[in-house]
Structure formats: structure tokens, C-alpha cells
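The shown structure was predicted, so the numbers you read here are calculated from the model rather than taken from an experiment.
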Amino acid sequence: MRILVKNIFRLVGLVGLVGQAMVQELPQGYFRNPMDHDIALSATFAEFRTNHFHAGIDMRTGGEVDRPVRAAADGYVARVSISPWGGGKILYIKHPNGYTSVYMHLNGYAGEIGKAVLHEQYARQSYSISKTFAPDELPVKQGQLVAFSGNTGGSGGPHLHFELRSGGLDDLHTHSTTHNPLRFGLPYTDGIKPTLRGLRIYPEGGTPYEVPAGNAVTVDGPFHLGIYATDAAEGSTARNGVDHVEVFLDGTLVFMYVTDAFPVDSTRVVNALIDYRHYVSTRQPYLLTRALPGAEGPWVPVRQGDGIFRLKGGTTHRIGVRVYDVKGNYCERTVAVSVAERPATAPPAAHDATRYDRPFCRQHPLCTVAMPAGTLYADDSMALRITDGVPVAAPFVDFRPTLNDIPPHTAYTLSLKAKAPLGAQPEKVTVVRVDGKQMYAYATTHTDGWYTAQVRDFGSFTLAVDTTAPTVRPLNFSDGALLKVNVLKIKIGDNLSGIDTYHCYLNGEWILAEYDGKTATLVIDARGKLRAGRNELRAEVTDAAGNRTTCLWIITK
């Protein structure tokens, strides 16, 4: 059997020595642990997540915020980025060896870095900022206190997300490669082997099923394999991602999955490597051996053919699966596969193929869809069904692939046209995706009655009108009441298009309000800014459709 070995980020030598060449190429011992306590992980590098690989390691902080975060090596602050979503408060430090260390979900920045960030926020009158710095502006030394751990952005609990990236600084979010920090020699203890939690058989054209506990199955045609495994380590959570997976057919290596590094802008390919729908419903990421041509990359250095097992009828084989963690601990499982004799089958029916590597465009009087090349991971047949807006003015569009139920890799353009005026100003009309009773709005532009959005989903779409202003209410103070706190909290929300801008003013002066997207709360630290006696606090919140809510409270200190 021929094994195809592709050119990837690291050299693959003998089985069991995976990653050794890569480790030797990376600078060992150059970076220190950015925390003061031993490394314990709540997430490992390249774990499977919805729509992305996990791009770093999540370091546990004992459920607390404001743990000291230190520079992993000498360098300078190249960038800070703050958002209510994603990584929250982020710090980028550029190092002389060409790598950039990244620290996410921070609660705040230390020393001169914190002063520079606060200055930028007040200069722009915005909580969300992205600011780059010259090499001589904010130099740091290894071990210097640079920030404090937190729970900002999309974090599910207090921790430090830590990355090591290579690549240019023009756009650290896309034009860079992220590497497994544990491959750089950071001190990390793991003496616990991974757990292989499930194996599934995916018959071609049939229904997937679990390999039973007896590890013996009978198949009657081609199939591919699904593997679900997790890892644990001392002090870490019990279901972290594994480092790499090997599959053997009768003792020959036919498949290997491993991700030591990947381009940040390829992260969405994770959807094509796993059983996406099963993951969405169960949160169990089954890694699939089958190949999709638009999902090829460094994550599968070894795959025989297309990853489909086509075994001769009347034969018996042994399929072995071995799963490793980053320290080389492994578990394995062997399945006896009997292949039933089967009659010849008719070839699959032909379909109107949409090429994954070519652009796709379809036009209708009420809808236009334009997908760039690379939107799909494999050739498919795109189904576009349009209800022409009767009895309502807005058309209802369903657009999705018929063969591979996987979200698109890149955004595509969707334009909808109303048959009649929708009874609102055009800027208040938005393209929405309808999923059951939920609607998800997209940033929408309008020209000559057409409403256009860049979408990264397949499904059902229509137009909706947003004329409802955001909701705004205080959480820990009341209008006219004596103020008992120095940190003020205001709950904000919107029914459809989403919050666009938010500004708060204390006694007529703009004051920083930090927006926590998880709780939809503005947090204002008013210490040292409240005056004795009467104070006026004003909040102005606008949604993406231009609807605005303004509230004024009188508070007494």
C-alpha cells in the first residue's frame, strides 16, 4: 500500500518520533511561562471548536482574574486590541527572534502599557481599539509584568489564552502562523495518557454507527473512520484536545492527523475535518479520515488516497487507532473488520456540480448569490429555492449544498430585493438568517432596492425591518438615588441588528464604559471622577439600523 506523505510544517520521520524534527527547529527555552504558577491547561493547541481551531493554549488561573501576566521574552509591545468579543483585551509582544507572543482575555494592562491604552481609548472615545506601536515606544524585558489575566471577550471563564505566532505585523489576525507553545520547551507536566472515547464507521451513502465494545464490525462497502479522543494532564481539565492521531491498516500507517502550526486565516477549515453536524448537536468532535480537496493542509501529513477504506469482499482486516498527547503518552484501540461479499453496485447518480475551486454565481429577479472560489471544500450541488415574497414583500431564500452539510470556508455575497416597499427607511432593513424561531442579522448595504450582505452561513434568508431602539437600564444604581457604588453597571440590548455604538458621559465629559459582550453590560469605573453632590450620567446606545436610545440619570455622591 502506498502512503502519500505531503510537504508540511514539520518533517515526519519514524512513527513514534512525530514532531521531533519540528521541535529541534523551534527555539527551545527562549520563552518563559507567562504566568508565575505552573502551567495547567483548560484547552490545548488546535483543539476543535465551532468554525475554528483553538489557536493557542488556555492556562488556568484558579478561577481568578488579575493574576500577573509576564512577558515571555524580551521585545516590545507591537499592538494592543480591545473588543467585547473574541479575545477581549489582547496584547501582542514582538520578539527579536521573529516570533510574536499573544496574550488574550486580559483584565487589564500594567504600567506604561496601561497608560498608553487608556490614552488611546479617551483620544478615540471608544472602548474598542486596535493600536500598533513602534519598537522604541513600549519595550519590555522577559519576566516583566505586562498585564493581568481576566475573562474578557468570548472567554468562558477566567484564564490566560497564550499564543506564539510567526509572520509579519501588518495584520496579526490573518497574515500569520500560530504555533503550539508547548513545542518551544515551556515547562509542562503530563503523565496521563489520552482517552479514546469513540470510533465511528461512516459507510459511503449510509448512516454512521459506533464501533461496539467488542471491537469487531462487518462492513458491506466503502467507509471512512471517525475518531473522538480527549486528553488530560496533572492540574488540567479532563477533556482537552489530543496532539496527534495515527490510523493503521493491517500494520501499515494510512492516516495521520497532527497540527503543530497553522495559518490563522485557515482556521475555519476545522469544520471540514470533523463530523460537523454531529459536533454541533453533541459537542463531540469526531475527526474523519476522508479527504475533501478544499480542506487539504498541514494537519494531515499522511493519508492513503482519499481516506476511504475500500476493502475486498470476503476479507478480514485489522484497523488500529493510536492517539497521542504532546508528551508522547498514548492510548490505542484495534478493530477487526470483516468485509461482506457484495454484488456490484450502480455508479452514483450524476449531479449538477458546483466546483469548489471556481467561482459560483446565480441570479434571480429577487436574489443574487456570488461565491468566490474556495467557498466550498469539495464539489457539490448548490440548491437555491426562492419564495417570491407572496403574501409578504420580502423574498424567502433557502441556499445550501446538497452533498456536504458544512458551513462555507469564506464569506460570500447574498443580495435580496423586496417586491414592494417594506414600510421603513432602507437603512433599517437588514438581511437575516432564519433558524427556527431565531433570526441572525448581517451588516447590510442597500442600493436601488437591493439589500446586500456578506454571509458565512448556508441556510434560509430573508429581509427584516428593525425600527426598535436598544434597551438601556441601570443595574446597580437608580435615577435620583444616593449612589452607593463607584463602579456603575448598565445593561444594554437590541432585538435584531445588534449594538453598534455606545457612549457614556459623566457631567458632560465622555467616560470610558467597558462593554462585556457575554453579559451585554457596560461597566464604568467612576472612582475619582464623581464629584460630591449632584452628578449627571448620560448613556447613548445605537444599533446597526441607526435606532438610538438616550438615557439620563441624576446620581448623588
Side-chain angles (χ1 to χ4, degrees), residues 27 29-43 45 55-62 64-83 86-123 127-155 157-167 169 172-173 176 178-179 181-182 184-188 264 512 514 525:
Y30 185 91
F31 298 103
R32 59 153 281 171
N33 176 359
M35 305 294 290
D36 288 340
H37 56 269
D38 291 342
I39 295 176
L41 301 182
S42 57
F45 183 78
I57 56 175
D58 284 352
M59 303 175 64
R60 302 182 74 177
T61 58
E64 300 176 354
V65 300
D66 285 333
R67 292 282 187 96
V69 176
R70 304 190 182 276
D74 292 354
Y76 68 93
V77 174
R79 184 179 185 178
V80 294
S81 175
I82 298 179
S83 168
K89 295 181 180 180
I90 310 175
L91 176 67
Y92 301 82
I93 298 178
K94 180 72 174 176
H95 304 285
N97 66 349
Y99 288 90
T100 299
S101 56
V102 186
Y103 315 75
M104 295 189 183
H105 306 304
L106 303 171
N107 203 42
Y109 303 89
E112 294 301 314
I113 304 171
K115 294 178 182 177
V117 170
L118 192 62
H119 178 271
E120 188 70 15
Q121 289 176 313
Y122 271 86
Y127 169 65
S128 297
I129 62 170
S130 179
K131 168 71 173 176
T132 58
F133 297 91
D136 59 348
E137 288 187 80
L138 293 170
V140 299
K141 302 297 289 183
Q142 185 178 56
Q144 177 181 328
L145 178 66
V146 292
F148 303 94
S149 67
N151 187 32
T152 57
S155 170
H159 71 278
L160 174 68
H161 175 100
F162 179 65
E163 298 181 20
L164 288 172
R165 297 187 184 183
S166 61
L169 284 173
L172 288 169
H173 286 292
S176 60
T178 184
H179 303 259
L182 298 182
F184 290 77
L186 294 180
Y188 175 64
V264 176
L512 178 65
E514 300 197 359
D525 187 347

Would you indicate whether the side-chain heavy atoms of [Y] and [X] approach each other to under 4.5 Å?
X	Y	value
Asp525	Leu512	no
Pro135	Lys94	no
Val69	Met35	yes
Leu160	Pro34	yes
Arg165	Val102	yes
Phe148	Val65	no
Thr178	Phe45	yes

Using every non-hydrogen atom in the two residues, find where [X] and [Y] come nearest and quote the distance to one decimal.
X	Y	answer
Ser83	Ser128	CA-OG, 3.9 Å
Leu164	Ser101	CD2-CB, 3.8 Å
Tyr76	Ala134	CD1-O, 3.9 Å
Pro96	Tyr30	CD-OH, 3.5 Å
Asn151	Pro158	OD1-N, 3.6 Å

- Contacts of Phe184 that satisfy ring-ring contact (aromatic ring centres under 6.0 Å, His included) - sequence neighbours left out: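 For Phe184, the residues satisfying ring-ring contact (aromatic ring centres under 6.0 Å, His included) (neighbours in sequence not counted) are Phe31, Tyr99.
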
- Where at least one partner belongs to residues 107-122, residue pairs that pass side-chain hydrogen bond (donor to acceptor under 3.5 Å, both in side chains), sequence neighbours excluded: Asp66-Asn107, Glu112-Lys115, Glu120-Arg124

- Message: Does anything in residues 135-146 form a side-chain hydrogen bond (donor to acceptor under 3.5 Å, both in side chains)? List the pairs, not counting sequence neighbours.
- Response: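 Matches after skipping sequence neighbours: Asp74-Lys141.
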
- Counterpart residues, side chain to side chain donor-acceptor pair (under 3.5 Å), relative to His161 (two or more places apart):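 Per chain and number, His161 pairs via side chain to side chain donor-acceptor pair (under 3.5 Å) with His54, Asp58, Glu163.
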
- Residues in side chain to side chain donor-acceptor pair (under 3.5 Å) with Ser42, at least two apart?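 Residues passing side chain to side chain donor-acceptor pair (under 3.5 Å) with Ser42: none at all.
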
- Query: Under the salt bridge (Lys or Arg N to Asp or Glu O under 4.0 Å) rule, what pairs show up with a residue in residues 29-39, not counting sequence neighbours?
  - Reply: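 Output for this query lists Arg32-Asp36, Asp36-Arg70.
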
- Does NZ or CZ of Lys131 come closer than 6.0 Å to the centre of the six-membered ring of Phe133, within 45° of the ring's axis?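 Yes, Lys131 and Phe133 form such a contact.
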
Are the side chain of [X] and the backbone of [Y] linked by a donor-acceptor contact shorter than 3.5 Å?
X	Y	answer
Thr100	Tyr92	no
His159	His105	no
Thr152	Leu106	yes

- When you look at Tyr188 and Ile57, which way does the side-chain contact (heavy atoms from CB on, under 4.5 Å) test go after all the steps? CA-CA 12 Å; Tyr188 175 64; Ile57 56 175; over 6 Å; no

